[in-house]
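Heads up: the structure comes next, in structure tokens.
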Amino acid sequence: MPVITAPYAFNEGHLFVDLKSICGQPLHLKCEGFNFAGSIKLKAANEMVESAERDGLLTPESILVESSSGNLGVALSMIAASKGYQFLCVTDSRCNLSTRLLMEALGSEVHVIADQDSNGGFLGTRIEYVRQLCASDERYVWLSQYTNAGNWRAHYRTTAPEIAQQFPDLDVVFIGAGTTGTLMGCARWFRQWHRPVRIVAVDSVGSVAFGGEPGRRMIPGLGMSMRPPLLDESVVDEVIRVEEADTIRMCHRMARRGFLFGGSTGTVVSGATDWLARNDARGLSAVAIAPDMGERYLDTVYQTNWLQDLYGDHVLTAEGLDTGTGEVESATRTSERRSRP
Ligand SMILES: Cc1ncc(COP(=O)(O)O)c(C=O)c1O
């Protein structure tokens with residue numbers, strides 16, 4: 001029986017969903033939403049705060065500040081509340097309402113940025129805002145998830161070994177890319193493992209993380225409007241880009257079977273399903289990572305008006321949405337293969 005005194009001390013690291021009957025491919029989904037912050041970002045937040053504490057960067061007067069599309073902000077709000085720090089989250093207008101309310105309920109201040117940067121995203125504007133805050137008052141401490149090595153080390157220490165322990169014959173792992181903390185930590189760990197594992201990064205169409213044209217992206221978590229500073233492409237074998245309409249369809253396909261996951265999980269599972277269908281997956285051991293659960297997306301991904309306004313009336317009636325056959329819809333995706341250096 002786990003008994004804890006601090007909310008950041010618990011994380012379910014060994015829960016996997018077998019998606020074969022839902023997506024028609026041999027795919028296991030590692031669920032990272034079962035902790036008090038509700039997402040995979042608890043791991044990065046813990047690691048970054050603990051390393052700042054070890055380095056003596058945090059004092060009782062410190063005000064933690066971070067740019068976050070939401071989940072890291074919730075995790076830092078929870079840790080800050082528990083440890084007695086103040087926390088200010090700089091987010092943008094794509095942040096889910098429930099995520100913002102959660103941060104405020106945990107006692108954090110939230111500043112919402114509405115001005116887009118030159119790539120049509122908000123990241124550049126958010127980061128500039130944080131820089132100005134830090135220049136204005138020395139009590140601000142910016143952990144900077146985009147550059148902080150603790151972000152990828154958390155996954156090197158925990159996420160990758162948790163997968164390896166359950167899947168000793170793993171062949172391929174699908175990992176969504178935002179800051180690329182999860183991707184880099186897992187890719188580096190598997191590079192040193194006893195067998196080769198294909199590392200497939202999943203990005204959203206419109207993200208410029210791996211190059212490509214910038215475009216509208218409405219689902220928070222995955223994708224970047226700049227190149228992620230943590231990204232080292234030499235440890236990534238392949239990149240898949242998924243259209244948001246396909247993300248939405250996969251989220252609803254899983255929800256119809258009782259699994260309510262967050263938007264980026266739909267992206268990763270959609271990309272993985274398509275990859276496995278194209279690559280003769282028979283006999284392959286494949287895992288994808290689900291960063292969070294679906295409740296935070298009830299007013300977006302799971303709300304009919306929001307979907308119709310952004311993606312058109314037919315986004316959920318298009319060919320292939322859970323026909324009950326387990327077959328996969330055809331989708332517009334691009335994929336780049338990389339060979340290991
Ligand atoms: C829901 C969700 N999915 C995916 C990601 C991407 O993870 P990472 O920043 O480790 O690349 C995040 C990060 O915030 C997220 O909140």
Side-chain angles (χ1 to χ4, degrees), residues 29-35 37-48 66-77 89-92 94-96 98-100 102-103 121-123 126 143-160 173-189 199-204 207 209-210 217-233 235-236 239 242 244 247 250-251 260-271 288-297 300-301:
L29 187 60
K30 184 177 195 307
C31 300
E32 291 281 353
F34 293 97
N35 58 57
S39 84
I40 195 167
K41 281 292 176 176
L42 174 64
K43 290 172 163 176
N46 263 339
E47 189 95 13
M48 292 192 294
E66 187 57 274
S67 153
S68 165
S69 60
N71 278 340
L72 181 69
V74 173
L76 285 173
S77 297
C89 184
V90 179
T91 187
D92 62 62
R94 281 185 325 203
C95 177
N96 298 319
S98 56
T99 303
R100 183 160 64 76
L102 263 173
M103 291 191 267
F122 296 92
L123 192 54
R126 268 170 23 192
L143 297 172
S144 183
Q145 60 164 329
Y146 308 105
T147 54
N148 193 318
N151 184 0
W152 69 263
R153 267 199 218 112
H155 302 287
Y156 185 92
R157 269 200 323 102
T158 62
T159 313
V173 62
F174 299 92
I175 305 170
T179 64
T180 67
T182 315
L183 176 66
M184 286 299 104
C186 292
R188 288 194 174 115
W189 194 91
I199 306 292
V200 181
V202 186
D203 195 10
S204 40
S207 160
F210 297 86
R217 290 177 297 114
M218 300 307 296
I219 297 168
L222 281 191
M224 289 268 267
S225 54
M226 66 178 194
R227 189 187 158 80
L230 292 178
L231 175 61
D232 169 3
E233 289 189 65
V235 291
V236 177
V239 181
V242 177
E244 285 196 338
T247 292
M250 187 53 83
C251 284
L260 196 74
F261 283 108
S264 65
T265 301
T267 309
V268 176
V269 173
S270 175
I289 298 177
D292 64 3
M293 304 301 288
E295 286 95 329
R296 288 176 194 171
Y297 304 83
T300 55
V301 171

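All of these numbers come straight from a predicted model, not from anything done at the bench. Counting convention: from 1, in listed order, for ligands and their atoms alike.
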Any side-chain heavy-atom pair of I289 and V268 under 4.5 Å: no
Residue, atom name and distance, where the atom is the protein heavy atom closest to atom 9 (O) of ligand 1: T179 OG1, 2.6 Å
Residue pair S264 / D292: nearest heavy atoms and the distance that separates them: OG-OD1, 4.5 Å
Sub-4.0 Å heavy-atom approach of L183 to ligand 1: no
Close side-chain approach of F261 to C31, heavy-atom, < 4.5 Å: yes
Which residue and heavy atom of the protein sit nearest atom 2 (C) of ligand 1, plus the separation: S264 OG, 3.4 Å
Close approach of L72 to ligand 1, heavy atoms, under 4.0 angstrom: no
Per-atom contacts of ligand 1 with Y297, taking only distances under 4.0 Å to non-hydrogen atoms: 1 (C)
Ligand-side contact atoms (ligand 1) for residue partner P291, heavy atom cut-off under 4.0 Å: 1 (C), 2 (C), 3 (N), 4 (C)
Ligand 1 versus A177: contacting region, heavy-atom distance under 4.0 Å: backbone
Closest non-hydrogen atom pair, S68 against Y146: N-OH, 4.4 Å
Distance-minimising heavy-atom pair for K30 and T159: CE-O, 3.9 Å
T182 N/O to ligand 1 N/O under 3.5 Å: yes
Heteroatom proximity flag, N151 to ligand 1, N/O under 3.5 Å: no
Enumerated ligand 1 atoms positioned under 4.0 Å from heavy atoms of D292: 1 (C)
Min side-chain heavy-atom separation V235-I199 under 4.5 Å: no
Nearest-contact summary for atom 11 (O) of ligand 1 - protein heavy atom, Å: G178 N, 2.7 Å
Any donor-acceptor pair under 3.5 Å from E233 side chain to F210 backbone: no
Per-atom contacts of ligand 1 with N71, taking only distances under 4.0 Å to non-hydrogen atoms: 1 (C), 2 (C), 15 (C), 16 (O)
Heavy atom of the protein closest to atom 5 (C) of ligand 1 (residue, atom name, distance): G221 O, 3.5 Å
Atom 14 (O) of ligand 1 [closest protein heavy-atom partner, distance rounded to 0.1 Å]: K41 CE, 2.8 Å
Side-chain donor or acceptor of S207 paired with backbone N/O of M224 under 3.5 Å: yes
Short side-chain to backbone donor-acceptor contact, Y297 and I219, under 3.5 Å: no
